[in-house]
Amino acid sequence: MPELVFFSGTMDCGKSTLALQIEHNRSARGLQGMIFTRDDRAGEGKLSSRLGLVTDAVEAAEGFDFYAYLVGHLSKGGRCDYVIADEAQFLAPEQIDQLARVVDDLELDVFAFGITTDFRSKLFPGSQRLVELADRVEVLQVEALCWCGARATHNARTVGGEMVVEGAQVVVGDVNAGDEVGYEVLCRRHHRRRMTAATARAAALSPDVLPVPAEELSDRPTARS
C-alpha cells in the first residue's frame with residue numbers, strides 16, 4: 001500500500017542527503033519520481049545536500065497545488081511512480097493535505113523531509129500537519145551534535161553567532177553563516193540558555209570565569225580554626 005512518510009530531524013542531520021539517496025535507489029531500478037522542494041539553500045527549483053549533491057526539482061511555492069500538478073502531469077501521459085517533497089516544513093497545511101490525497105487517490109508513495117520545530121521550538125504548520133496525517137514518522141538516525149557534544153534536538157537562529165528568539169518563522173539561512181542570519185543545532189539545555197558555540201567560546205575567554213592564578217591564591221589569608 002502507498003504511504004505518506006515524514007522523515008524528520010534537526011538541521012544538518014542528513015534529510016536532503018537521504019532524499020537524494022531514495023531518488024538514486026529508485027531511479028536505478030527504473031522508477032520515475034517527481035521531486036518538489038521549497039526555499040532550498042541552492043536556490044529555486046533545486047534540492048541540495050550539504051555534502052555537495054544537488055538535483056533539479058519543482059519549486060512548490062506558496063499556493064502550489066501538488067494534487068492538481070500531478071493529475072495534470074499524468075493526464076498528459078507523464079509518468080510518476082513516487083513523490084519526494086523536501087523542506088516540507090515550509091509547506092502550508094493545505095499542501096500537506098494535497099500530498100495525503102496524492103497517496104490515497106493516485107496511489108503514489110510520498111516521502112516528505114523536513115525539520116519539525118523552528119528556532120523558537122514551535123512546530124512549523126507544515127510539520128504539524130505531517131505528524132497528524134503521515135502513515136509513518138521516521139526520525140533520522142544520523143544525529144546532529146550540539147557544540148558540547150550532546151545530541152542536538154533544537155534549531156537555533158543566530159546573528160553574528162548570537163542566538164535570537166524573535167522574528168519571522170521562515171528566514172532562509174544556513175549553518176556557519178558568519179555575521180549574517182544563520183542557524184545552529186543545539187541540545188535542549190543550551191537552547192534554553194541561548195548558548196551557541198560562539199557565546200560559549202566568549203564565556204570561556206572571559207576574565208570572570210578564568211581560574212585564579214596560583215600567585216594570587218598564595219597572597220590570600222587562610223582560614224583559621
Side-chain angles (χ1 to χ4, degrees), residues 5-19 21 37-41 48-52 85-91 93 96 111-134 136-214 216-217:
V5 186
F6 179 33
F7 294 92
S8 69
T10 62
M11 296 183 69
D12 216 16
C13 73
K15 297 182 300 300
S16 296
T17 302
L18 178 58
Q21 185 67 54
T37 190
R38 173 84 172 267
D39 293 336
D40 188 274
R41 68 183 72 85
S48 67
S49 163
R50 289 188 178 86
L51 297 182
D86 198 29
E87 305 292 358
Q89 72 274 5
F90 296 145
L91 301 177
I96 304 302
F111 306 104
F113 301 81
I115 57 180
T116 308
T117 58
D118 64 16
F119 68 104
R120 301 164 298 183
S121 298
K122 304 294 185 183
L123 285 168
F124 280 100
S127 298
Q128 178 178 335
R129 193 62 178 146
L130 274 165
V131 171
E132 293 167 347
L133 291 183
R136 287 188 290 128
V137 177
E138 301 282 353
V139 178
L140 268 67
Q141 297 303 308
V142 179
E143 295 181 349
L145 299 178
C146 177
W147 60 264
C148 69
R151 177 174 176 266
T153 55
H154 290 64
N155 304 291
R157 180 180 293 171
T158 62
V159 177
E162 298 281 343
M163 180 175 162
V164 296
V165 294
E166 295 181 353
Q169 187 176 50
V170 178
V171 175
V172 178
D174 203 353
V175 295
N176 304 318
D179 292 335
E180 301 177 355
V181 174
Y183 290 90
E184 182 175 344
V185 290
L186 300 172
C187 63
R188 185 183 63 239
R189 176 183 292 106
H190 289 126
H191 191 276
R192 287 180 55 247
R193 295 176 180 175
R194 302 185 188 180
M195 184 172 285
T196 65
T199 55
R201 285 194 296 269
L205 295 174
S206 171
D208 295 335
V209 297
L210 289 176
V212 178
E216 291 186 24
L217 290 174

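Here the CZ atom belonging to Phe111 is positioned 9.5 Å from the CG atom belonging to Leu18, to the nearest 0.5 angstrom. Note that CG of Leu186 is 11.5 Å distant from CG of Leu145, once rounded to the nearest 0.5 Å. Note: His154 NE2 to Arg189 CZ = 12.0 Å, rounded to the nearest 0.5 Å.
Evaluation of the side chain to side chain contact (heavy atoms under 4.5 Å, CB included) rule for Glu138 yields Val5, Phe7, Arg136 as partners, not counting sequence neighbours.
Although no hydrogens or angles enter the test, the distance criterion places no donor-acceptor pair under 3.5 Å between the side chain of Gln89 and the main chain of Thr116. When atom types are taken as modelled, the side chain of Trp147 and the backbone of Val185 share no donor-acceptor pair closer than 3.5 angstrom. Of the possible donor and acceptor atoms, one in the side chain of Glu184 sits under 3.5 Å from a partner among the backbone N and O of Ala197. In this structure, the side chain of Asp40 engages the main chain of Ser48 through a donor-acceptor pair within 3.5 Å.
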- Task: Report the C-alpha distance between Val165 and Arg194 in whole Å, list the side-chain angles of each, state the deciding distance to 0.1 Å, and finish with yes or no for side chain to side chain contact (heavy atoms under 4.5 Å, CB included).
- Result: CA-CA 9 Å; Val165 294; Arg194 302 185 188 180; 3.6 Å; yes
- Message: As a quick check of understanding, evaluate side chain to side chain contact (heavy atoms under 4.5 Å, CB included) for Thr117 and Lys122, giving each step before the final call.
- Response: CA-CA 5 Å; Thr117 58; Lys122 304 294 185 183; over 6 Å; no
- Task: Tell me, with the steps shown, if His190 and Cys148 meet side chain to side chain contact (heavy atoms under 4.5 Å, CB included).
- Result: CA-CA 9 Å; His190 289 126; Cys148 69; 3.5 Å; yes
- Message: Go through it in stages, so that I can follow the logic: the residues are Tyr183 and Thr158, the test is side chain to side chain contact (heavy atoms under 4.5 Å, CB included), and I'd like the CA-CA distance, side-chain angles, deciding distance and then a yes or no.
- Response: CA-CA 6 Å; Tyr183 290 90; Thr158 62; 6.0 Å; no
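Of all non-hydrogen atoms in Thr153 and Arg188, the two that sit nearest each other are OG1-N, 3.4 Å. Here the closest non-hydrogen pair linking Ala88 and Ile96 is O-CD1, 4.3 Å.
No side-chain heavy atom of Ser127 sits less than 4.5 Å from a side-chain heavy atom of Ile115. Side-chain atoms of Glu132 and Leu130, non-hydrogen and from C-beta on, never get closer than 4.5 Å to each other.
Each of Arg157, Met163, Glu162, His191 was checked for a side-chain contact (heavy atoms from CB on, under 4.5 Å) with Thr196, and the lone residue meeting it is Met163.
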